[in-house]
Amino acid sequence: MSEKSIFKRIIDKEIPADIVYEDDLCLAFRDLSPQAPTHVLVIPKKEIKSVATITDQDQALIGHLYLIIRNIARELGLGNGYRVVANCGAEGGQTVDHLHFHLLGGRQLKWPPG
Ligand code: 5GP
């Protein structure tokens, strides 16, 4: 069996995180290395590796994650806008193999990303 990812260990409360939201399906916590004044990671508790391995059965779960992202953005006062990013795979810059959405805000974000 493969080793637990760092995010699975956060879900299982084996390592601490600054949790901003939790329910039966998902967890949201502040990124350890924030790239903006607000930088939250929103993850499913189900072990999905990346956007590339989402299945048709996950449709409602992914919709739920986006509604939670919207709610967290409101609660954290990101009324002027924010960015939601999912890095996928090596060329996408993904470093943790557990699906996660970055919620970034609190400063003017640039485009295109590097
Ligand atoms: P990725 O590069 O895969 O899109 O994003 C992974 C993110 O997880 C990075 O922004 C990184 O800072 C964050 N990260 C990695 N390890 C930990 C950790 O142990 N705790 C928290 N809160 N964030 C982490």
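Counting convention: from 1, in listed order, for ligands and their atoms alike. What you are looking at is a predicted structure, and each value in this text was computed from that prediction instead of being measured.
The backbone N or O of His98 lies less than 3.5 Å from a partner atom in the side chain of His100, making a donor-acceptor pair.
The closest approach between a heavy atom of His102 and any atom of ligand 1 is below 4.0 Å. Assignment of Ala17 to the shell around ligand 1 is not supported, since no heavy atom sits closer than 4.0 Å. Contact between Arg30 and ligand 1 is present, with at least one heavy atom of the residue lying under 4.0 Å from the ligand.
The ligand atoms of ligand 1 that sit less than 4.0 angstrom from a heavy atom of Thr95 are 1 (P), 2 (O), 3 (O), 5 (O), 6 (C). Of all atoms in ligand 1, listed by their number and element, those nearer than 4.0 Å to a heavy atom of Ser33 are 12 (O). Of all atoms in ligand 1, listed by their number and element, those nearer than 4.0 Å to a heavy atom of Ile10 are 20 (N).
Ranking the protein heavy atoms by distance from atom 1 (P) of ligand 1 puts His100 NE2, 3.1 Å first. Nearest protein neighbour of atom 8 (O) of ligand 1, counting heavy atoms only, is Phe7 CZ, 3.3 Å. Residue, atom and distance of the protein heavy atom nearest to atom 12 (O) of ligand 1 are Asp31 OD1, 2.5 Å.
In terms of polar-atom proximity, defined here as any N/O pair under 3.5 Å, Ile6 makes no such contact with ligand 1. Annotation: Phe29 places no N or O atom under 3.5 Å from an N or O atom of ligand 1; distance criterion only. The shortest N or O to N or O distance between Val96 and ligand 1 is below 3.5 Å. The distance criterion of under 3.5 Å between nitrogen or oxygen atoms is not met by Gln94 with respect to ligand 1. Residue His39 has no nitrogen or oxygen atom sitting less than 3.5 Å from a nitrogen or oxygen atom of ligand 1, judged on distance alone.
Cluster annotation: Ile69 is connected to Val51 through the hydrophobic network of ILVMFWY side chains, with a link wherever side-chain heavy atoms come within less than 4.5 Å. The hydrophobic clustering, which links ILVMFWY residues whose side-chain heavy atoms are closer than 4.5 Å, places Leu65 and Leu78 together. Residue Leu76 is grouped with residue Tyr82 when hydrophobic side chains (ILVMFWY) are merged at heavy-atom distances under 4.5 angstrom, including chains of intermediate members. Under the 4.5 Å side-chain contact rule for hydrophobic residues, Ile19 and Ile68 do not share a cluster.
Looking at Asn87 against ligand 1, only its side chain comes within 4.0 Å, counting heavy atoms. Proximity of Leu41 to ligand 1, defined as any heavy-atom pair under 4.0 Å, is confined to the side chain (atoms from C-beta onward). At a 4.0 Å heavy-atom cut-off, ligand 1 does not touch Phe101 at all.
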Take Lys45 and Glu22, measure what salt bridge (Lys or Arg N to Asp or Glu O under 4.0 Å) needs, and give me the verdict at the end.
-> CA-CA 10 Å; Lys45 289 188 172 174; Glu22 179 168 16; 2.8 Å; yes
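A donor-acceptor pair shorter than 3.5 Å can be found between the side chains of Asp23 and His64.
Distance check, rounded to the nearest 0.5 Å: CG of Asp18 to CG of Leu41 gives 11.0 Å.
Screening Val42, Val40, Leu103 for a side-chain contact (heavy atoms from CB on, under 4.5 Å) involving Val20 leaves a single residue, Val40.
Ring planes of Phe7 and Phe29: perpendicular class, angle over 60° (limits at 30 and 60°).
The nearest non-hydrogen atom to atom 23 (N) of ligand 1, considering only Leu32, Asp18, Ile43, comes from Leu32.
A salt bridge is defined here as a Lys NZ or Arg NE, NH1 or NH2 lying under 4.0 Å from an Asp or Glu carboxylate O, and Glu14 with Lys4 meets this definition.
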